[in-house]
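This report concerns only the one structure given below.
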Amino acid sequence: MRSQLEALVPSRIANHYRFVLWMFIPLVLLIASISLVTVVAHHSIIAKASHDMNSMVAFIDKIMVNADHTALRSLTLIDRPCRDIVGPLQLMSLKYPLVRSVNLSLHGLLYCTPVPLQPLSFPHRVPSLSDDSASDIRLNRGTVLFPDFAVIVLRKRSGDFTAGVVIDTQYIRHTMNLLGSGSRMLLVVNNMYLTPLGEVEPVKSLSRGFVSLKVPSADYPFKLRLDMTLNEFIHSVIDIYGYVMLLCFCLAIIISLLIHHWLQASSSLYFNMRQALERKEFKAYFQPIMNAREGYCSGIEVLTRWCHPTDGTVSPDIFIPLAEKSGLIIPLTQQLMRDVASIISTTPVSWRHELHVAFNITALHLASRQIVEDSKVFLSVVQGKRIKLILELTERQFIDVNDTTLGVLKELKALDIGVAMDDFGTGYSGLSYLNKMNIDTIKLDQSFVAMIEKGNTAKIIVDVVINLASQLDIEVVAEGVENTYQQNYLLSKNVQYQQGYLFARPMPMLSFSCWWQAENTHQPAQMPPPLPRQVQSDH
Ligand SMILES: Nc1nc2c(ncn2[C@@H]2O[C@H](COP(=O)(O)O[C@H]3[C@@H](O)[C@H](n4cnc5c(=O)[nH]c(N)nc54)O[C@@H]3COP(=O)(O)O)[C@@H](O)[C@H]2O)c(=O)[nH]1
């Protein structure tokens, strides 16, 4: 029995395999989806940053075009004295946004500016353009008036004269900070760059980021650079795709739970039983109930067996408790009743007496009222075959004797269905059931029958049960009769209906037919043999 059970429930290896499946699949899915999200995020962060940087380059280019224009115009004034051109230079400084001032220098010495440079002593030296270039731009840490405000200076040469247009960097810097895609967008001019705080630092102090982008201007010698550290990249991914990752995580948990549930269900005895039910692997076995006094089979008890395709015949002791617990017992009993009804209705065999056909019914089935419908179906199929349906209720299970149960029992009685109390004396409250449930038959449990040979005290218990039944006008069927001593003792107590290995074991349909034929061909109705001496003296 043990090995059968082990074959039907998952093994330790299977458990290990289940654990791997349960953990591994969701984990792989989670890693794959997060990697996919990261790759997509990487692409979209780069695409967005490139787009922002290109827009920013175009914006700065536009400022440079204005500055270029201003420088060119200022160079048209170089042949006039400074006092005559300060006014126009002032006007030029006001014309374009972000242009702060326009200065003119000669041979590297500032000679004309619209800015009031009180602290400045002329001639003031300004950095000169390299010899061969006609124009350039540079980043300055500040101006003479505002040494802490970084500026871009665009310079243009005309002969010995140079025009310098000073451009404010504050708005450029703020806009770059806004568009940084979670990182720092930097303006690089020559080998200096503008920090997000407005300082000017050498490019060599910069380190390359996890994501590094450079977008140069096509028209002016500057470029934008973005260096995103791994930390900043992860933050950006979480900022943009955090909810997708959370969704992936939740999905992985759901998938893991589903796999867990599915694996548990599919490898459980319950699942195997459900499948077995669909595949009709539960078969009816028949055990005769004998009229031991007259020597004929007065009835049969239908007992189920699981004919497992690989594990052979499985005992009901293994699967009935689970079937009862899970509720599968109801469809199982229904299937059994249908099968037996169809066997009886198609059998050519006939019987002299009304044949009692007993099924084991659980308390759950009784409480559902479904049993009334199932019994009606059974009776309608076996109509005309002289069958009395007996429902055996086991005393081992608690039966809630309420209005519904009593109503069901009443309906069963009205259909002329017998109700037997199975395993009497072993369970809950046999006597109270007898009192409340209008029981027709007691099935004396085999443990009591086995006691018969064990001495006087045991016999007294058996006698009490038999007397009680007799006084209540309840029929007794003795179970588990294994030898003639038990048979005769029971007969001496007027227990003529007996069931047990002495007569026959539960058999599948084919064996039962053979047994029936042999019984009815060779054995005429018999009187019981005389009681052995020992039994007679006990009596
Ligand atoms: N609800 C349902 N319960 C069922 C159904 N089929 C069986 N069962 C219950 O399972 C228990 C074990 O049944 P089983 O292994 O079939 O044992 C029965 C007989 O084989 C056994 N028996 C009969 N004669 C003898 C005997 O002389 N000696 C001996 N040692 N055993 C014998 O007794 C069992 C009969 O049981 P009972 O129903 O109490 O009359 C058992 O509890 C079954 O009830 C089912 O379809 N539904």
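Each ligand, and each atom within it, is numbered from 1 in the order the structure gives.
Salt-bridge formation is not detected for the pair R184/E232: no Lys NZ or Arg NE/NH1/NH2 atom is positioned less than 4.0 Å from an Asp or Glu carboxylate oxygen. Under 4.0 Å is where a charged nitrogen must lie from a carboxylate oxygen, and between E354 and K388 no such pair does.
The contact set between ligand 1 and V481, taken as ligand atoms under 4.0 Å from a residue heavy atom, comprises 27 (O). Close contacts of ligand 1 with P316, meaning ligand atoms under 4.0 Å from a residue heavy atom, involve 7 (C), 10 (O), 12 (C), 13 (O), 14 (P), 15 (O), 16 (O). Numbered from 1 in the order shown, with element, the atoms of ligand 1 that lie under 4.0 Å from a heavy atom of L336 read 46 (O).
At a heavy-atom distance under 4.0 Å, only side-chain atoms of D422, from C-beta outward, approach ligand 1. Heavy atoms of L502 found under 4.0 angstrom from ligand 1: none, in either backbone or side chain. With a 4.0 Å cut-off on non-hydrogen atoms, I329 touches ligand 1 through its side chain and not its backbone.
Checked against a 3.5 angstrom limit, the closest N/O atoms of E482 and ligand 1 fall inside it. Residue R305 places at least one N or O, backbone or side chain, under 3.5 Å from an N or O of ligand 1. Residue E301 has at least one nitrogen or oxygen atom sitting less than 3.5 Å from a nitrogen or oxygen atom of ligand 1, judged on distance alone. Note: an N/O pair closer than 3.5 Å links Q446 and ligand 1 by distance alone. Taking any N or O of T304, backbone or side chain, at least one lies under 3.5 Å from an N or O belonging to ligand 1.
Checking each of S298, P506, C297 against P288 for a side chain to side chain contact (heavy atoms under 4.5 Å, CB included) leaves exactly one that passes, namely C297.
Defined by atom type and a distance below 3.5 Å, a donor-acceptor pair is present between the side-chain atoms of N402 and T405.
By heavy-atom distance, the residue among Y501, F319, Y285 lying nearest atom 26 (C) of ligand 1 is Y501. Of the options I318, N360, D423, the smallest heavy-atom separation from atom 1 (N) of ligand 1 is shown by N360.
The aromatic rings of W515 and F512 sit parallel to each other, their planes meeting at less than 30°, with 60° as the upper class boundary. Ring orientation note: the planes of Y485 and Y489 are close to parallel, at an angle under 30° on the 30°/60° scale. Aromatic ring pairs are classed by plane angle as parallel below 30°, tilted from 30° to 60° and perpendicular above 60°; the pair H353 and Y296 is parallel. The aromatic rings of F233 and F210 sit tilted, their planes meeting at an angle between 30° and 60°.
Across A292 and Q487, no two heavy atoms sit closer than the pair CB-NE2, 3.8 Å.
The closest approach between any non-hydrogen atom of T333 and ligand 1 is not below 4.0 Å.
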